[in-house]
Amino acid sequence: DMSRLALALLAALSLLLRRQEQAATAELRLDSRAHGQLLLNLHQTDSGALSGALKAQLPTLQALDPWLPDGVRLTGQAQAELSLAGTREQPQLRGSLQAQAFGLQHPASGFASQDGALHVHFEGQRATLQQGRFGGIGEQGGQLLASGSADWSGELQADLQLQADAFRVLQRYDRQL
């Protein structure tokens with residue numbers, strides 16, 4: 001039974017939700033032998049002030065499958081270390097998110113990428129994609145390089161640069177790109 005297997009691989013799970021006076025706190029700790037560790041702490045006051053932290057070590061991204069659209073598969077590993085401050089209206093993030101051996105497949109459409117890498121740095125109300133590399137399918141699948149940034153200090157603005165080098169993303173015989 002899959003639910004018993006999932007519970008057997010779960011070393012620790014705790015969720016604490018607390019409302020005291022003029023503030024709310026949420027703390028989540030997940031420790032899985034198969035899927036890694038996740039620590040999340042969020043605090044918000046009634047005035048809208050935010051604070052918090054996220055630390056994640058995910059040796060496999062397949063744990064995210066239940067939250068993905070049907071038929072989409074994600075592979076690779078990821079790490080994140082982020083802190084949250086500011087307000088609901090002006091959230092401030094600091095830290096980084098990284099992924100290695102990143103792959104995304106959607107067999108029904110024929111889309112697939114492999115051997116990707118991501119490094120996103122967060123500073124205040126700006127996220128910078130310092131490295132984005134996605135490998136195409138097969139030995140001669142090429143690659144797609146990405147860089148850019150997003151800023152949410154006012155109206156959301158994003159700037160993304162993509163460079164494809166013989167990037168093969170479709171693997172169906174009836175579709176080519």
Side-chain angles (χ1 to χ4, degrees), residues 2-106 113 116-134 146-160:
M2 289 301 278
S3 61
R4 282 193 202 137
L5 177 61
L7 287 175
L9 297 175
L10 189 62
L13 173 63
S14 65
L15 174 63
L16 173 65
L17 302 172
R18 183 175 37 233
R19 172 83 178 151
Q20 289 180 322
E21 298 178 19
Q22 316 239 327
T25 300
E27 296 174 4
L28 172 66
R29 177 176 177 238
L30 174 66
D31 190 351
S32 165
R33 291 181 198 95
H35 300 300
Q37 296 82 34
L38 175 78
L39 299 170
L40 175 65
N41 182 338
L42 296 174
H43 182 81
Q44 178 180 325
T45 65
D46 287 349
S47 65
L50 298 173
S51 63
L54 169 70
K55 186 171 184 176
Q57 294 287 328
L58 306 174
T60 176
L61 294 176
Q62 291 173 331
L64 302 175
D65 283 352
W67 292 281
L68 296 174
D70 287 342
V72 174
R73 291 191 306 249
L74 197 57
T75 58
Q77 302 89 37
Q79 303 81 39
E81 192 156 344
L82 298 169
S83 65
L84 172 66
T87 64
R88 283 186 302 246
E89 294 79 22
Q90 297 285 316
Q92 306 277 324
L93 287 172
R94 297 203 190 307
S96 66
L97 167 70
Q98 297 180 40
Q100 304 83 31
F102 183 75
L104 179 66
Q105 293 91 29
H106 185 257
S113 68
L118 289 172
H119 183 197
V120 181
H121 181 74
F122 296 88
E123 187 64 42
Q125 294 184 310
R126 183 176 183 84
T128 303
L129 176 58
Q130 295 179 327
Q131 177 190 21
R133 180 180 46 77
F134 306 92
S147 62
S149 63
D151 185 297
W152 57 89
S153 58
E155 186 84 18
L156 177 63
Q157 296 179 0
D159 178 28
L160 181 64

Residue list, side chain to side chain donor-acceptor pair (under 3.5 Å) with [X], at least two apart or on another chain:
X      : value
Ser51  : none
Gln157 : none
Thr25  : His43

Heavy-atom side-chain proximity of [X] to [Y] below 4.5 angstrom:
X     : Y     : answer
Gln22 : Ser47 : no
His35 : Leu58 : no
Leu84 : Leu93 : yes

Atom pair [atom1] ([X]) and [atom2] ([Y]), whose distance is rounded to the nearest 0.5 Å:
X      : Y      : atom1 : atom2 : answer
Gln79  : Leu97  : CD    : CG    : 8.5 Å
Gln98  : His119 : CD    : NE2   : 4.0 Å
Leu118 : Gln130 : CG    : CD    : 11.5 Å
Asp159 : Ser147 : CG    : OG    : 8.0 Å
Asp70  : His106 : CG    : NE2   : 8.5 Å
Gln77  : Leu61  : CD    : CG    : 7.0 Å

Do you know which two heavy atoms are closest between [X] and [Y], and how far apart they sit?
X      : Y      : result
Ser96  : Leu82  : N-CD2, 3.6 Å
Gly154 : Asp151 : N-OD1, 4.4 Å
Leu39  : Arg29  : CD2-CG, 3.4 Å
Arg73  : Asp65  : CA-OD1, 4.2 Å
Gly124 : Gln92  : CA-OE1, 3.1 Å
Ala56  : Leu38  : CB-CD1, 3.7 Å

For this session: Determine whether more than 12 heavy atoms belonging to other residues, nucleotides or ligands lie under 6.0 Å from atom CD of Glu21.
Result: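 At most 12 heavy atoms, drawn from other residues, nucleotides or ligands, come within 6.0 Å of this atom.
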Problem set entry | Whether Phe122 and Trp152 hold their rings parallel, tilted or perpendicular, with breakpoints at 30° and 60° |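 Phe122 and Trp152: tilted rings.
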Exercise. Do Gln105 and Thr75 pass the side chain to side chain contact (heavy atoms under 4.5 Å, CB included) test, and can you show the C-alpha distance, the side-chain angles, and the key distance before you say yes or no?
Worked result: CA-CA 9 Å; Gln105 293 91 29; Thr75 58; 4.2 Å; yes
Problem set entry | Check against side chain to side chain contact (heavy atoms under 4.5 Å, CB included), Leu42 and Leu54 | CA-CA 9 Å; Leu42 296 174; Leu54 169 70; over 6 Å; no
Exercise. Checking side chain to side chain contact (heavy atoms under 4.5 Å, CB included) for the pair Leu13/Leu28: CA distance, chi angles, key distance, verdict?
Worked result: CA-CA 8 Å; Leu13 173 63; Leu28 172 66; 4.1 Å; yes
